[in-house]
Number of protein chains: 2
Amino acid sequence: MTKKPDLSAQIAKAIRDAIISGEMNVDERLPSEAELSDQFNVSRPTVREGLKRLAAQNLIRTQRGASGGAFVNRLSFEDAYPQQITTSTLLLSMNAVSFDTACEARFALERACATLSSQRRTPDHLATMRAEIVRQGQPGLTDEAFCASDVAFHRALVDGAGNPVLSYQLAGAVEAMQPLMNMITFTARSRERIVELHTTIADALENRDPVAIETTLHCLAEYTVELAHNVISARNR
Amino acid sequence: MTKKPDLSAQIAKAIRDAIISGEMNVDERLPSEAELSDQFNVSRPTVREGLKRLAAQNLIRTQRGASGGAFVNRLSFEDAYPQQITTSTLLLSMNAVSFDTACEARFALERACATLSSQRRTPDHLATMRAEIVRQGQPGLTDEAFCASDVAFHRALVDGAGNPVLSYQLAGAVEAMQPLMNMITFTARSRERIVELHTTIADALENRDPVAIETTLHCLAEYTVELAHNVISARNR
DNA sequence: TCACATCCAATTGTCAGACAATTAAGCTTT
DNA sequence: AAAGCTTAATTGTCTGACAATTGGATGTGA
């Protein structure tokens, strides 16, 4: 038995397919809402609901006024980032994905960047990582700020690979972990250990030593999982 | 200068934030459209446009009838897959990402699964891969069918890692390549070579030899790039 | 002729009200 | 108690209208 999707969903699908198939090009103007409601034989509000669906996916943008209308949007990596992060975060929080599983995926993906990053990282990437390491060592830093700095550090490592596709994919894996990481309360000792590992990674990156990066990332993953388990077992008591 | 987003976008954001922050739980019912239009002081069509935006992101589902309404949707990996693939595909096609860059990202990520997959793959994963290899060797297979089988093969390799987060992230990288791969017209000889490499990978996975998997994936990546370059230089003539 | 102000038409954004379609719950009848 | 009927709540769709915005056309003056 076939379901009967909304008219607005059907319209959105028709236009989306036209965009994906290349039938419509970037910055091309869609017919006006009035014309679309004629073509699809539905009312204007229904057309608008369909267009809002596409707008929510960043596939179109709209502009008011004469020679305004809806235009096919160039989907930029910049636009896609927040969407990717939101989706990944919700996937983790709504599906009872264990901390271990998420952590394993994150560091496996990050290790995939090690070789490329060691070849291509610029002084800029190194400087960012060093700066974040310094920040992470400062006393009085809240756990949230520490996590945010941690994300920035790893992001620099990933961006060092100089591959926007990798950066995009990793954004989801790395940033989506942040809410999970925020469960962890970092002691002075655990922060010290993490900073130590980060320093090792930065050194290895500076020396273009991919093996050392991968090894240290592995240690970091194991240590992170260990911290999380301590929190969980402490909570059970 | 502050931008002035649509009312429907503001409403969507407000509700989305409530969902992300955990203020609303999965399967919880939103207020009816009439109530929402009261709360936000806007008309019902405007509320509906906002809700459609959320529906397009799979954040809510709606149901008609008494005790119907809009409900917070459990975002499943299954739902997120197509979205992820669509977005990744458009990112590649709209941003002049070179074949090399996309290919590099894809195989780097895939190599990240090699170790885990060699530890955890089941006979089922191996069987799928062997079956796809057989299909790829059949004469008379269209280029598109060959590509689809290629995707299925690599997907089995990734799924072998037994980590849903990895499978999700890789779906974007692997499937989004398909339109690019379809540019390539495979000769009998190139197909033979690819099948050969696939067989090596399957053997290595069977023997739980992650190093061999990674090495062969590297060869496959280089060979794929080489094929693409041949197509491009042939087209220039 | 050129710069500038004004008006106009096209288009999206928003609203109000209505009716249709669907569905769960309650009520009635057998 | 089971089956059918009624009803109320809710989303889906339509019609028509007006507001807000904006680019282009038009007209005016120096």
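All heavy atoms count here, side chains included; hydrogens, waters and symmetry mates do not. Labels below follow one simple rule: chain letters A, B, ... track the order of the sequence lines, proteins then strands, and each chain is numbered from 1.
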Query - DNA chain C: 5'-proximal contact among A:Gln63 and A:Pro45 (nearest heavy atom) - result: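 Counting from the 5' end, the first nearest nucleotide belongs to A:Gln63.
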- prompt: Nearest heavy-atom pair of B:Asn58 and B:Asp79: which atoms, and what distance?
  reply: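 What the structure gives for the nearest pair is ND2-O, 3.8 Å.
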Starting from [atom2] on [N], measure out to [atom1] on [X] and report it in whole angstrom.
X: A:Arg48; N: C:dT11; atom1: CZ; atom2: P; result: 14 Å
X: A:Arg44; N: D:dT15; atom1: CZ; atom2: C1'; result: 12 Å
X: A:Glu33; N: C:dT12; atom1: CD; atom2: C1'; result: 5 Å
X: B:Leu7; N: C:dT14; atom1: CG; atom2: P; result: 4 Å
X: A:Leu36; N: D:dC14; atom1: CG; atom2: P; result: 14 Å
X: A:Lys52; N: C:dG13; atom1: NZ; atom2: C1'; result: 7 Å
X: A:Asp6; N: D:dT10; atom1: CG; atom2: P; result: 18 Å
X: A:Asp38; N: D:dT15; atom1: CG; atom2: P; result: 11 Å

| task | Name the nucleic acid region contacted by A:Arg61, choosing base, sugar-phosphate or nothing; use a 4.0 angstrom heavy-atom cut-off, strictly under. | result |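 Here A:Arg61 touches no strand at all.
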Grab the N/O contacts between the protein and nucleotides 6-8 of chain D below 3.5 Å, and write none if there aren't any.
none

Nucleotide nearest [X] (side chain, heavy atoms from C-beta), chosen from [options]:
X: B:Thr62; options: D:dG12, D:dT10, C:dT14; value: D:dG12
X: B:Arg64; options: D:dT13, C:dT14, C:dA20; value: C:dA20
X: A:Ser32; options: D:dT11, C:dT11, C:dA16; value: C:dT11

**Report entry** Test: B:Asp159 and B:Arg120 ion pair at under 4.0 Å
**Finding:**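 No, no charged N to carboxylate O under 4.0 Å.
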>> So that I can tick it off, tell me whether A:Arg135 and A:Asp150 are bridged by a salt bridge, with the cut-off set at under 4.0 angstrom between side-chain N and carboxylate O.
In response: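 Not counted as a salt bridge, because no side-chain N and carboxylate O are separated by less than 4.0 Å.
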- Item | Side chain to side chain, B:Leu166 and B:Leu109, heavy atoms closer than 4.5 Å |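 They are not in contact (no side-chain heavy atoms under 4.5 Å apart), so the answer is no.
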Review point. Any side-chain heavy-atom pair from A:Val165 and B:Leu91 closer than 4.5 angstrom?
Key: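 When only atoms from C-beta onward are counted, B:Leu91 and A:Val165 do not touch, as no gap falls below 4.5 Å.
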On the nucleotide D:dG23, are OP1 or OP2 found under 4.0 Å from the side-chain N or O atoms that A:Ser67 carries?
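Answer is no, no contact under 4.0 Å.
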Self-check item: A:His198 and A:His154 aromatic ring geometry - parallel, tilted or perpendicular at 30°/60° bounds
Solution: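 Correct class here is perpendicular.
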Next item on the list: State whether the side chain of A:Ser88 and the backbone N or O of A:Gln84 hold a donor-acceptor pair below 3.5 Å, judged by distance alone.
Entry: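 Yes; judged by distance alone, with no hydrogens or angles, the pair exists.
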Discussion item. Can you pull out the residues from residues 12-19 of chain A that lie within a 4.0 Å heavy-atom distance of DNA chain C?
Written reply: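 The stretch gives none, as no residue of it lies under 4.0 Å from the strand.
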inquiry  = Using the salt bridge (charged side-chain N to carboxylate O under 4.0 Å, His left out) definition, which of the options B:Arg44, B:Arg64, B:Lys52 pairs with B:Glu33?
reply    =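 For B:Glu33, the salt bridge (charged side-chain N to carboxylate O under 4.0 Å, His left out) check succeeds only for B:Arg44.
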Checklist entry - When you look at CD of B:Glu144, are more than 12 heavy atoms from neighbouring residues, nucleotides or ligands closer to it than 6.0 Å? => result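 Incorrect, the count does not exceed 12.
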